[in-house]
Amino acid sequence: MSTLTTAAYLVSSVLFILSLRGLSHPSTARRGNFLGILGMTIAIVTTLSNPGVLSYKEIGIAFLIGGLIGTSIAVKIQMTALPQLVAAFHSLVGLAAVFVAASAYYNPSAFNIGTVGSIPMGSLIEMSIGTAIGAVTFTGSIIAFGKLQGFVSGNPLVFKGQHFINLLLGLGIIALIVKFCIDQNQELFWLIVFASFVIGVLLIVPIGGADMPVIVSMLNSYSGWAAAGIGFTLSNNLLIITGALVGSSGAILSYIMCKGMNRSFLNVLLGGFGGEQAASAGGVKDDRQAKQGNAADAAFMMKNSKTIIIVPGYGMAVAQAQHALREMGDLLKAAGAEVRYAIHPVAGRMPGHMNVLLAEANVPYDEVLELDEINRDFSETDVAFVIGANDVTNPAAKTDKTSAIYGMPILDVENAGQVFFVKRGMASGYAGVQNELFFRDNTLMLFGDAKKVCEDIIKGLEN
Amino acid sequence: MSEISNQLENLSYKAQQIANEASQLASSVAETSGGHSDFIIFGITVLVLACFVGYYVVWSVTPALHSPLMGVTNAISSVIIVGALLAAGPVDSNISKYFGLVAVTLAAVNIFGGFVVTNRMLSMFKKKQ
């Protein structure tokens, strides 16, 4: 690599770092994204100027096709579908890593790593590890995509001996990699790819839909490590640095999500949490009656409140209720109330999902607060309006040691003067735990579709 | 006699040339083989340091922007297009080149998709008027 090339790659690494740095505040975030684009452009142009890269026409066509597909998807996608979009994109990074590794295996001279059949040991190790991670990312992300999109059941799929099979497969892949590094046999290469595809599927199927924020973040991390692995094969620092950035970003996001549920990463990975099984396990029959209200009552009470905190959850996203919700908030503000939004770290199906949906509905970002910022304020709040969230408000997380969600940080909506719960029915949340709050004196249930309820409240407020 | 001495001189000159070439070859072999194992250590150094940079930079990202963070990281992880371009680069067509072209397409979907969707998200975040 010439000095100039190395320097250009360094510039683009720095631009990538600055692009993530820009996301520390919404006011600098767009510039950050622009710096990322600049860094990528420099990386691509620098690589194209490599003397070994000559087939500009074919590359141009491939790039154009990919670019058109990517752009048209990104322009059309609904913001509620972001989690599955991100999962789908991760799968492509994984697959691309597999193809790059395969290409390096069949034509090592293009990468300066020896010739066919006599690739140095170091390169073989890097290549096969990069391939395995890429392949796991590919199929794992596809399953995550399917679960989020609804192609695959969101319920955890568990069967006996599951973890034992995964362990055997994992050890098998390691054995294959060792043998491949000695023999350089092409059948072994494809066996590694195949076994990694299988383990990618098996790792994700036992994990329930609401744990997908952790999984999407984890796969984000994997796609970074796959890129770093390819970086070692190419002796290219840009790929290593970028891979490490993406890898640590995904790892930190999964950590934040796990902490938001008070569960260990291993506990999430082992799966089986949530869905029908947990619901029946926690299903002690409850004869208590929750108080039911209607939209007119809610409108009247909120109109006379001074402080209101809205707690959105995944149900809001499913019902596409964010626009109606914002309109309701505007009317309440016009009536003289202070309206704010409280976001739990695991609300929605990906980190920060609720913030994007509220931003889409034109809610100013300084009215949207995180758990730590707003949790103390509930006790001085007249109304807490919970829409599409459940487990994240359940006080059992603080009091009931036997509860599946014990220890999970919750939003203290119980401390508010009046609590409204917008829900479709009395069904328990993802964790399969009944929410104590439904039976409190200061709670009123508003049954119905989240969007419909908001619209009815808006009508009530306008009268 | 002079003819023989001339031939000898010629021969010794050639021998010297061969020796020179051999030593050059040896050093270049040492460079390529030793060069790679050096890179592993160097690469690991870079990897570890970059993880630290990533750790501090990512913790400074505001939680409100975690979705755009995933969008950007998704886009920049497609920097493996560098490898894809090298693979697709040679003029003569073979399986390796086709793999490279497929990888270029996949990475391009991600690059454009990732940056465009992030830009869409970020353009929606507005401050209170």
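Side chains included, hydrogens not; waters and symmetry mates left out as well; all remaining heavy atoms used. Below, chain A is the first sequence line, B the second, and so on; all start at residue 1.
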Choice from B/Phe115, B/Tyr55, B/Tyr56 maximising heavy atom contacts with chain A below 4.5 Å: B/Phe115
Interchain contact, A/Phe111 with chain B, by part (heavy-atom threshold 4.5 Å): side chain
Side-chain donor-acceptor contact under 3.5 Å, B/Ser123 with A/Arg30: no
Student check: side-chain heavy atoms of B/Ile111 and A/Ile44 closer than 4.5 Å: yes
Qualifying residues under side-chain hydrogen bond (donor to acceptor under 3.5 Å, both in side chains), relative to A/Asn33, sequence neighbours excluded: none
Residue among B/Asn94, B/Val57, B/Ile95 with most heavy-atom pairs under 4.5 Å to chain A: B/Val57
A/Leu20 vs B/Val72, side-chain contact (heavy atoms from CB on, under 4.5 Å): CA-CA, chis, key distance, verdict: CA-CA 8 Å; A/Leu20 298 191; B/Val72 171; 3.7 Å; yes
Engaged part of A/Ser12 at the chain B interface, taking heavy atoms whose separation is under 4.5 Å: neither
Contacting region of A/Leu253 [heavy-atom separation from chain B under 4.5 Å]: side chain
Which portion of A/Lys57 sits near chain B, non-hydrogen atoms under 4.5 angstrom: neither
Pair A/Phe63 + B/Phe112: ring centers closer than 6.0 Å: yes
Test salt bridge (Lys or Arg N to Asp or Glu O under 4.0 Å) applied to A/Arg340 - qualifying residues, sequence neighbours left out: A/Glu338, A/Asp377
Atom group of A/Tyr255 that falls short of 4.5 Å from chain B, counting heavy atoms: side chain
